[in-house]
Amino acid sequence: MKLSEELQWRGFWNQTTFTDDKLIDSENFTLYLGTDPSADSLHVGHLAVYMMVRHFLERGHKVFLLVGGGTGMIGDMRDTEERNLLPYEEIEHNKQALKSQVSRIFAGRDFTLVDNADWLAELELLPFLRDIGKNFNMADLVSREFFKARINNGKGLSFAEFTYTLLQGYDFWHLFREYGVTLQLGGSDQWGNFFFGVSLIRKLESGEVYVLTAPLVINKSTGRKFGKSEGGAVWLDENKTSVYKFYQFWLNVDDESAIDYMKMYTMLDRDTIEAIAENHAVNPGARSVQKVLAREVTDIVHGGARRESVERVNEVLFGGGDFKKLSDDDLGALAEEIPCVDAGIDVIGALVESGAVGSNGEAKRLLKSGAISLNGEKACRK
Ligand SMILES: N[C@@H](Cc1ccc(O)cc1)C(=O)O
């Protein structure tokens, strides 16, 4: 299957400036994806776009991953309201967290990490306005949907946030000149920013560059944005969403969307996914799609060893199925099955998130009084 076909089949092909799909199949691109350090972790919404990048990587395209240390000091305009400025220390902390997370997701693969603070922080106002600002037409800038939404909802927006688009356009231009980057990938909300980068490069370099956005992932049964659980966003950092909860999140996705997510969030090939879908159609009750989905995505984000330990906990606690209240016998069974596991996150997380116990403290007390002892990060059979 060609890359363009694969991206379309997986549901990654939303909006693009490619007028001919064949270009993407015949040329070797150097591309980039940018993420602002607005939090200290990515969530599963981001992960979809990173998976799109993975497909380019697997086929030998060159990848730059950008952490927005510079743009993160301003914050991208959204349709709701002004963002709060983050303190410098927080941006720094988030940046380090994102860098190590991204390196983990793409471990063993060849990509280059860049930080736009390295060039944006050095810009001077007057040259910037003359060389860059002059190439942006206000009529275009104010016709953006996000801008109109902010005017229409009465909240308005600061000049700083309004200027964000110019900074992102500058990035594209910088990466084009320095490294020959000619393609930018991102989520569908980035279309406006992308457009201005493309036209800036046309004006300054007479160069042609391309953009491709992935659609916003929607949960078909609720019609809502995908990636939120009851407690908020599903994060890739296990300190914000435990591995156990992450695994459960995928296990619990609805039948209707499960195949769609499998196409986007796993690297399984088309034949494999179609075979799983056929089985699922015959016997949906077995939730075989969800099980494979949970396994594959957890492997990508947290690694196979962590996933296996979660699977064992899930199997012993809940027979691999629904959550239930735990008795001392259950705890005993858990101890039998798992002589030593990473308790700090898996077991205690499992107990609390299952609703079996009310709090971390209670989980710890139960574990201590039961057949399991806690030893630092490990829970071991006594
Ligand atoms: N604006 C992007 C992040 C980004 C930042 C700088 C870039 O050059 C590209 C992308 C977002 O909010 O998701």
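In listed order, ligands and their atoms are each counted from 1. All values below come from the heavy atoms of this structure, side chains included, with hydrogens, waters and symmetry mates left out.
Crowding of Glu208 atom CD: a count of heavy atoms from other residues, nucleotides or ligands under 6.0 Å exceeding 12.
Considering only non-hydrogen protein atoms, atom 8 (O) of ligand 1 sits nearest to Asp171 OD2, 2.5 Å. The protein atom (non-hydrogen) at minimum distance from atom 12 (O) of ligand 1 is Asp76 OD2, 3.2 Å. In terms of protein heavy-atom proximity, atom 2 (C) of ligand 1 is nearest to Gln190 OE1, 3.3 Å.
Residue contacts with ligand 1 do not include Phe172, since none of its heavy atoms lies under 4.0 Å from the ligand. Residue contacts with ligand 1: Gly68 is excluded, as none of its non-hydrogen atoms falls under 4.0 Å.
Here's the thing with Tyr32: one of its N/O atoms is less than 3.5 angstrom from an N/O atom of ligand 1. Where the criterion is an N or O separation shorter than 3.5 Å, residue side chain and backbone included, Tyr164 meets it with respect to ligand 1. Between Asn116 and ligand 1, a contact under 3.5 Å exists for no N or O pair. Note: an N/O pair closer than 3.5 Å links Gln168 and ligand 1 by distance alone.
Between the side chains of Trp235 and Asp40, not a single donor N or O lies within less than 3.5 Å of an accepting N or O. Tyr50 and Thr35 form a side-chain donor-acceptor contact under 3.5 Å, judged by distance and modelled atom types alone.
Between Tyr170 and Trp173, a ring centre-to-centre spacing shorter than 6.0 Å is recorded. Aromatic ring centres of Trp119 and Phe128 lie farther apart than the 6.0 Å criterion allows.
A continuous path of ILVMFWY side-chain contacts below 4.5 Å connects Met264 to Val292, so both sit in one hydrophobic cluster.
Using a 4.0 Å cut-off between charged side-chain N and carboxylate O, Glu58 and Arg109 make a salt bridge.
Residue Gln184 approaches ligand 1 through these ligand atoms, each under 4.0 Å from one of its heavy atoms: 9 (C).
Of all the heavy atoms of Leu33, none lies under 4.0 Å from any atom of ligand 1, so neither backbone nor side chain is involved.
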Quiz prompt | Residues Glu82, Arg150; criterion salt bridge (charged side-chain N to carboxylate O under 4.0 Å, His left out); working and verdict | solution = CA-CA 9 Å; Glu82 187 84 9; Arg150 291 282 286 275; 2.8 Å; yes
